[in-house]
Amino acid sequence: MSFLDEDYLLETAAARELYDAIADLPIVDPHTHADVAEIVENDGWDDIWEVEAATDHYVWALMRNCGVDEELITGDADNREKWTALAEVFPQFAGNPTYEWVHLDLKRRFGIEKPISAETADEIWEETKTQLAADDMRPQELLAEMNVEVVGSTDDPTDDLEYHERAVEEVEGVDIVPTWRADRAVKIERPEWTDFVAELEAATELGTDDFDGFLAALEASHDYFAERGCRACDLGIEQPVSRPVSDERAREIYQRGIAGGSLSEREVEDFQAYLTEYIGELNAAKGWVTQLHIGPVRNYRDSLFERLGPAAGGDISTQDVDLAKPLEHFLNRFDDEMNIVCYTIDPTHYPTIATIARVFPNVTVGPAWWFNDSPFGIEGQLEYVGTVELLSQHAGMVSDSRKLLSYGSRFEMFRRSLANVVGNQVDRGQVPTDVAHDLVERLAYDRPKELYGF
């Protein structure tokens with residue numbers, strides 16, 4: 001087997017047969033960080049750095065680990081200098097999925113098979129720059145070429161969704177649906193929480209001076225998103241908290257928070273618990289999926305956050321997250337009332353989530369996420385979930401990506417990994433071939449459409 005050849009990740013003939021059956025299915029990507037304006041405007045990109053690294057904190061983190069100066073990552077150096085710096089260290093990325101994703105992008109979208117290195121940097125820069133000038137390399141054309149059917153973006157409740165509205169009229173062949181990302185509403189302990197409250201008031205034109213007004217404004221935003229095709233809510237939380245909290249208790253905490261008063265840890269947790277349940281009620285009423293992204297410790301490296309802010313590659317994973325007891329009230333409150341997808345950033349939490357999904361049919365194990373979306377992480381998760389819960393009920397794949405070209409490469413990696421897992425089961429006599437075909441086709445396409453109601 002040679003680098004990224006037709007048998008890439010496929011260890012058996014059965015795996016190859018299964019992959020061939022799903023390779024060309026449309027891509028349904030419920031969770032991305034898509035730049036919807038970029039897609040609608042359809043202006044394209046000038047160079048390979050813009051395409052592959054300008055928005056990708058996976059790339060940034062690995063460059064830093066190779067000793068590249070920040071000026072050549074997120075600084076003011078020009079894009080060619082940044083690309084050259086990336087190419088010089090790119091061989092050191094080998095073994096990390098980023099190495100495969102970027103090379104898959106080059107091979108599938110540009111027809112370039114030469115590995116990235118200091119020796120090939122200039123040639124790849126020039127060749128891709130020429131190709132990117134062509135009309136067929138603009139965002140909408142690439143989405144069509146990659147056979148992307150659905151893109152779920154990630155959007156703040158205060159967003160006006162102007163570009164989503166334009167996409168309905170101006171983007172053919174792909175549904176771009178918003179996702180209501182409510183983190184800022186819940187995190188009352190953050191200094192910027194009051195900024196969110198003010199922005200929500202401005203966006204909805206509903207007063208948020210009191211708690212009832214705040215809840216009404218959240219509901220108005222929720223309605224606004226629903227009218228524009230939203231099918232899911234997203235909550236990113238380090239430590240889940242769910243327990244009964246009275247309206248009076250939540251109202252008192254809100255008034256202290258809005259006045260700038262200090263809050264105890266218990267008050268912060270009670271507000272999170274109350275608002276998470278309130279959001280769940282809104283989601284259940286509309287038939288939305290509630291996505292819980294659990295566990296990341298955000299902005300762990302202080303100097304990086306101070307220089308660049310969030311989403312700069314300074315987040316980490318931790319095992320120190322309790323799941324069973326903190327989720328118990330929420331899951332029982334919404335038992336059979338709505339679909340809940342649980343993503344856990346640390347793989348040691350898969351047993352808890354998989355057994356919860358075994359007990360609650362409306363709970364689904366989310367894709368191997370963030371630090372786990374590699375062949376190693378994907379295959380391990382699929383194998384475990386399939387033995388504890390039901391592989392057929394797995395959520396499938398999401399790219400979670402900030403760059404458009406990676407929809408193709410990340411879904412290819414997932415589909416090859418899926419085919420390899422199920423192909424091995426066929427070869428071990430665990431699953432008949434026809435059942436295996438149905439299973440991989442379901443996870444590659446049908447399951448996410450069913451789950452999210454696309």
Side-chain angles (χ1 to χ4, degrees), residues 181-190 193 232-254 257 263-284 288-298 300 315-372 377 380-381 384-385 387-390 393-395 451:
R181 180 76 182 239
D183 298 16
R184 294 174 71 208
V186 174
K187 296 177 179 177
I188 193 171
E189 76 280 10
R190 298 285 180 87
W193 177 78
C233 164
D234 201 8
L235 275 172
I237 45 180
E238 180 179 335
Q239 172 60 65
V241 180
S242 72
R243 53 180 172 245
V245 177
S246 69
D247 294 346
E248 181 180 357
R249 168 72 168 167
R251 184 174 289 108
E252 291 173 356
I253 297 169
Y254 179 85
L263 298 173
S264 69
E265 182 177 347
R266 177 71 188 204
E267 286 173 323
V268 169
E269 290 180 353
D270 280 352
F271 187 80
Q272 178 182 334
Y274 182 95
L275 208 59
T276 300
E277 187 168 343
Y278 175 76
I279 289 167
E281 291 169 354
L282 296 178
N283 295 343
W288 286 8
V289 176
T290 297
Q291 299 181 116
L292 302 178
H293 284 80
I294 300 169
V297 181
R298 304 284 184 176
Y300 187 75
D315 306 326
I316 68 164
S317 171
T318 177
Q319 295 179 330
D320 190 23
V321 175
D322 191 11
L323 296 176
K325 193 65 178 176
L327 286 171
E328 184 177 7
H329 173 72
F330 183 84
L331 296 176
N332 280 285
R333 167 65 182 81
F334 295 104
D335 187 1
D336 280 339
E337 290 194 19
M338 66 180 173
N339 285 316
I340 300 168
V341 178
C342 293
Y343 302 74
T344 57
I345 196 168
D346 193 285
T348 62
H349 296 137
Y350 292 156
T352 302
I353 293 299
T355 52
I356 285 173
R358 181 182 175 119
V359 172
F360 287 91
N362 64 315
V363 176
T364 298
V365 178
W369 170 51
W370 203 335
F371 304 122
N372 306 303
Q381 191 209 42
Y384 184 81
V385 169
T387 61
V388 173
E389 211 251 315
L390 290 173
Q393 296 304 108
H394 188 273
L451 179 61

Does any N or O in the side chain of T276 come within less than 3.5 Å of the main-chain N or O of A273, such that one atom is a donor and the other an acceptor?
no

Will you find, in the side chains of Q319 and H349, an N or O donor that is under 3.5 Å from an N or O acceptor?
no

Between R243 and E328, is there a side-chain N and carboxylate O pair less than 4.0 Å apart?
no

What one should report as the nearest heavy-atom pair of P240 and L323 is CG-CD2, 4.1 Å

Spatial distance of atom CG (L327) from atom CD1 (I353) [nearest 0.5 Å]:
6.0 Å

How many angstroms lie between atom CD1 of I345 and atom CG of D315, to the nearest 0.5 angstrom?
7.5 Å

How about T344 and Y350: do any of their side-chain heavy atoms sit closer than 4.5 Å?
yes

What is the minimum heavy-atom distance between N372 and P347, and which atoms define it?
OD1-CD, 3.5 Å

Checking the side chain of N339 only, and the main-chain atoms of V289 only, is there a donor and an acceptor separated by less than 3.5 Å?
no

Specify whether F271 and Y254 have parallel, tilted or perpendicular ring planes, treating 30° as the upper limit for parallel and 60° as the lower limit for perpendicular.
parallel

Checking the side chain of S242 only, and the main-chain atoms of P326 only, is there a donor and an acceptor separated by less than 3.5 Å?
yes

State whether the side chain of R358 and the backbone N or O of V388 hold a donor-acceptor pair below 3.5 Å, judged by distance alone.
yes

When Q272 is tested against each of I188, V245, I237 for side chain to side chain contact (heavy atoms under 4.5 Å, CB included), which residue passes?
I237

Does one side chain, of H329 or E277, offer a donor that lies under 3.5 Å from an acceptor on the other?
yes

Mark yes or no for whether N362, through its side chain, and M338, through its backbone, hold a donor-acceptor pair below 3.5 Å.
yes

Search all heavy atoms of W370 against all heavy atoms of P296 and return the closest pair with its distance.
CZ3-CB, 3.6 Å

Looking at every non-hydrogen atom in both residues, tell me the closest pair between I340 and F330 and how far apart they are.
CD1-CE2, 3.8 Å

Any Lys/Arg nitrogen of D247 or R251 sitting under 4.0 Å from an Asp/Glu carboxylate oxygen of the other?
no

Partner residues of H293 under the ring pair (Phe, Tyr, Trp, His ring centres under 6.0 Å) criterion, sequence neighbours left out
H31, Y343, W369

Counting only heavy atoms not in D320, do more than 12 fall under 6.0 Å of its CG?
no

Quick test of your reading: applying salt bridge (Lys or Arg N to Asp or Glu O under 4.0 Å), list the pairs with at least one residue in residues 334-349, sequence neighbours left out, ordered by first then second residue.
R333-E337

